[in-house]
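Since the structure comes first, as structure tokens, the remarks are kept for the end.
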Amino acid sequence: MTKLAIMGAMEEEIEPLLSHFENVNIVEYANNKFYEVNYNGLDIVIAYSKIGKVFASLTASTMIEKFSCDTLLFSGVAGGINPELKIGDLIIADKLCQHDLDITAFGHPNGYVPGGKVFVETNENLRNIAKKVANENNISVIEGTIATGDQFVHSVERKEFIQNTFNADALEMEGASVAVVCDALNIPFFILRAISDTADMDAGFDFDEFLKSSAKNSADYIVKIVDQLNK
Ligand code: 4EH
């Protein structure tokens, strides 16, 4: 690894990272800010994309093609589907899908378009490193499927559709688009989320209450993973 990308979607998701690293150099590009740091000899670029699949794809592509990052970590929050996941808990994506991608009118399965695949897998080596770090630090984390779509899910109906259709454990609005970009460009990537809400009636309320604390849970674990990668 020569340069590491760490991205979030919202400012709150990368703020705990930025306050951890010193001497940040800001580069403005593509209507966004990219925060360059050198952390114990490792070059890192940090950015938040803004919300949703399009902005997340743009930022991931930019970090890879413009900033020459060759490994990507995503840190942020998610709505929980798996009842084992409580607010604040961590989930590592082993694969991701787009729950709002729908050309079922033509007989294709949900989440599929020709030339693509329903599920994109994350890098196994990064997952194993993350699990080793979790073990050593007594961090409890589950591995599972994350479903992405351009919707803040706050209804049991939509949540159950996503659970039943993709067997997803958590949902958010960016991960799968980052996965598609990294997979196409052959960049090893890792997607971590901490639960901020459970995507039901109370999701908006819970999200506002737990965004910052859950974003910090995710970011703190990411820093430990970076330390391990940099050994
Ligand atoms: O980046 C978006 C944020 C919500 S939208 C996706 N993020 C948070 C993950 C997430 C999520 N996604 C879909 C957490 N809970 C989710 C859920 N459904 N229930 C947002 C939030 N605050 C202000 C503006 N937009």
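Every number for a ligand or one of its atoms is a count from 1 in the order of the listing.
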Suppose we measure from [atom] to each protein heavy atom; which comes out shortest, and what is that distance?
{"atom": "atom 16 (C) of ligand 1", "result": "Phe152 CE1, 3.4 Å"}
{"atom": "atom 24 (C) of ligand 1", "result": "Ile51 CD1, 3.7 Å"}
{"atom": "atom 9 (C) of ligand 1", "result": "Val77 O, 3.1 Å"}
{"atom": "atom 22 (N) of ligand 1", "result": "Phe207 CE2, 3.2 Å"}

Taking 4.0 angstrom as the limit and counting only heavy atoms of [X], give me the atoms of ligand 1 inside it, by number and element.
{"X": "Glu174", "value": "1 (O), 2 (C), 6 (C)"}
{"X": "Ala9", "value": "1 (O)"}
{"X": "Val153", "value": "13 (C), 17 (C), 18 (N), 19 (N)"}
{"X": "Gln151", "value": "13 (C), 18 (N)"}
{"X": "Gly79", "value": "14 (C), 15 (N), 16 (C)"}

CA sep, side-chain torsions, deciding dist, call: Phe74, Phe189, ring pair (Phe, Tyr, Trp, His ring centres under 6.0 Å):
CA-CA 8 Å; Phe74 190 105; Phe189 69 102; over 10 Å; no
Centroid-centroid distance, Phe161 to His99, less than 6.0 Å:
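No, ring centres 6.0 Å or more apart.
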Within the 6.0 Å centroid threshold, strictly below: Phe207 and Phe152
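Distance test on ring centres: under 6.0 Å, yes.
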Would a distance-only check, ignoring hydrogens and angles, find a side-chain to backbone donor-acceptor pair under 3.5 Å from Glu172 to Gly175?
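Judged by distance alone, yes, a pair lies under 3.5 Å.
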May I ask you to say whether Arg193 pairs ionically with Glu174, meaning some side-chain N is under 4.0 Å from a carboxylate O?
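A salt bridge links Arg193 with Glu174.
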How long is the span from the OG atom in Ser61 to the CG atom in Leu185, to the nearest 0.5 Å?
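With rounding to 0.5 Å, OG (Ser61) is 6.0 Å from CG (Leu185).
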Heavy-atom closest contact (Lys33 atom, Ala47 atom, distance):
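Looking at all heavy atoms of both residues, the closest pair is O-CB, 3.7 Å.
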Are any of the N or O atoms of Asp197 closer than 3.5 Å to those of ligand 1?
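In this structure, Asp197 places an N or O atom under 3.5 Å from an N or O of ligand 1.
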Among Gly8, Ser196, Ala199, Gly204, which one puts a heavy atom closest to atom 14 (C) of ligand 1?
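Nearest heavy atom to atom 14 (C) of ligand 1 lies in Ser196.
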If you measure only the distance, is there a donor-acceptor pair under 3.5 Å linking the side chains of Asn110 and Thr165?
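No, because no side-chain N or O of Asn110 sits under 3.5 Å from a partner of the opposite role on Thr165.
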With heavy atoms only and a cut-off of under 4.0 Å, state how Met10 meets ligand 1: side chain, backbone, both or neither.
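For Met10, the contact with ligand 1 is made by the side chain alone.
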